[in-house]
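Every value quoted in this text rests on a predicted model; they were computed, and no experiment measured them. Indexing begins at 1, ligand by ligand and atom by atom, following the structure's order.
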Amino acid sequence: MTSENDVVQSARRQLLIGGTWRDAAGGATLPVEDPSTGRTLTDVASASSDDALDALAAADAAAGAWAAHPPRARGEILRRAFELMTERADDLALLMTLEMGKSLAESRSEVLYAAEFFRWFSEEAVRIAGRWSNEPGGSGRLLTMKQPVGPCLLITPWNFPLAMGTRKIGPAIAAGNTMVVKPAQQTPLSMYALAAILTEAGLPDGVLNVITSSSASRVVGPLVDDPRLRKLSFTGSTEVGRTLMAQASGRLLRLSMELGGNAPFLVFEDADLDAAVDGAVIAKTRNVGQSCVAANRFHVHASIAAQFTERLAARLGKLTVGRGTEPGTDIGPLIDGQQRDTVIELVADATDRGARVAVGGSAGTGPGYFYEPTVLGDVPPGARVLSEEIFGPVAPVATFETESEALAAANQSDFGLVAYVYSTNLKRALRVVEGLQTGMVGLNRGLVSNPAAPFGGVKQSGFGREGGFEGIEEYLSTKYVAVDL
Ligand code: SIN
């Protein structure tokens, strides 16, 4: 395997615009930090608004030819990129761990998860279909066709630096769109590595343009206001999503918004407790809890809450916290000091209100932004940790007595991305699943993410779906033709 130094030194650090790797205007750069040490790994180009507009111009110039490119050929480029990512999973994982922090095992599994979106959409590229039907009154025919939506702006977060990219880029390419991608400034290296792979896989110049910037508003504002842009897809916080949506309303852009979550994890008295604890470990610790589908709060039937809390604490207490590159590390650092401070604050609020620390409860002393895997028992209803997105390895356990109480607690949130339900009573499980106000449910499973499934939320968690058959629809427009025979 390549060394840390080699992987960073060989990483792409310039903007990709119209097929050319180039510096930002005036040579501006921004630092990329290793969150496990707090040290700068390297610097990457920091785009100006003119650079951003150049990227959109390149996407616009390439749009016509790319839309006319045969679907099979578009799919084959994605398929080749899937293969290259899979072959290079170890190096991609190391680069990701260095800039994002999660363990090498988790990064590797993200690389494979990310690559699967390319495989899935390589297969969808050839299944874009229209419809031919009779006008009900017999006065002609109704023809519908699907066409690429046009140049897209794809804004991706730092928590899954590759997968949140491939699940936007994959369907955009498959549907025949060109794009400007703006990755989070904390994790630009993985996205540039992905862009290099797509170029090597044969993606024509200008179809994918990548810009990084120390100021998101400097590059996003002018793009959103530009009439050449047709679609904006964003994954990130609800707060930023609302701002982008307001900006995008000026030009009525097509939108996909994958925003915050506050997933409830319900454990009924008839649950298989071993399975529930296994699921809880995955739903809480995947990505160090920094995921919008992380279980945020555990609502457990009062009769089994003590047992569940103790068993979950025993499991989380055994996890090894450390630098993601160290063998044996389970839990890497949080992304930055601000995120660690938020977790510290939420735990302090809960314990001040009477919650009990069953395991963990402390931040590391540094360097790096570590926080121990933590289980809080007897968390009272008003604790902030139950209503705010934690984005850290903290599991608060609250109790309920009845099914309707559990459902009410689960739905008592502005967010509606995912919920987890553990019950062996089929009728109850399906009743609860139907009553949950979320876009996704894990039924006796702690992980819902799958490239073949429609990922997305309701309420303040956003709208639009990524993955599954629905994912490509976000990048297509329907044209209807009234045919007079
Ligand atoms: C997210 O945290 O935004 C998504 C995670 C996933 O796809 O599993």
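- Shown here is Glu87, whose CD atom has more than 12 heavy atoms of other residues, nucleotides or ligands within 6.0 Å.
- Contact annotation: Glu258 has at least one heavy atom less than 4.0 Å from an atom of ligand 1.
- Within the 4.0 Å heavy-atom criterion, the part of Asn159 lying near ligand 1 is the side chain and not the backbone.
- Atom CG in Leu232 sits 5.0 Å away from atom CG in Leu153 (nearest 0.5 Å).
- Counting only non-hydrogen atoms, the option in Cys292, Gly261, Ala163 that gets closest to atom 3 (O) of ligand 1 is Cys292.
- Nearest protein heavy-atom neighbour of atom 5 (C) of ligand 1: Phe160 CE1, 3.4 Å.
- Considering backbone and side-chain atoms alike, Tyr113 places an N or O below 3.5 Å from some N or O of ligand 1.
- Between Arg167 and ligand 1, at least one pair of N/O atoms sits closer than 3.5 Å.
- Listed by atom number, the atoms of ligand 1 under 4.0 Å from Phe455 heavy atoms are 4 (C), 6 (C), 7 (O).
- Shown in contact with Ser291 at under 4.0 Å from a heavy atom are these atoms of ligand 1, numbered in order with element: 1 (C), 2 (O), 5 (C).
- For atom 8 (O) of ligand 1, the nearest protein heavy atom (residue, atom name, distance) is Ser449 OG, 2.4 Å.
- Ring-plane geometry between Phe298 and Phe308 is classed as tilted, the angle between the planes lying from 30 to 60 degrees on a 0 to 90 degree scale.
- Between the side chain of Asp336 and the main chain of Pro35, no donor-acceptor pair closer than 3.5 Å is present.
- The closest approach between Arg286 and ligand 1 falls below 4.0 Å for a heavy atom of the residue.
- Using a 4.0 Å cut-off between charged nitrogen and carboxylate oxygen, Glu83 and Arg79 count as a salt-bridge pair.
- Under the 30°/60° scheme for interplanar angles, the aromatic rings of Phe400 and His301 are found to stand perpendicular.
- The number of heavy atoms from other shown groups lying within 6.0 Å of CZ (Arg445) does not exceed 12.
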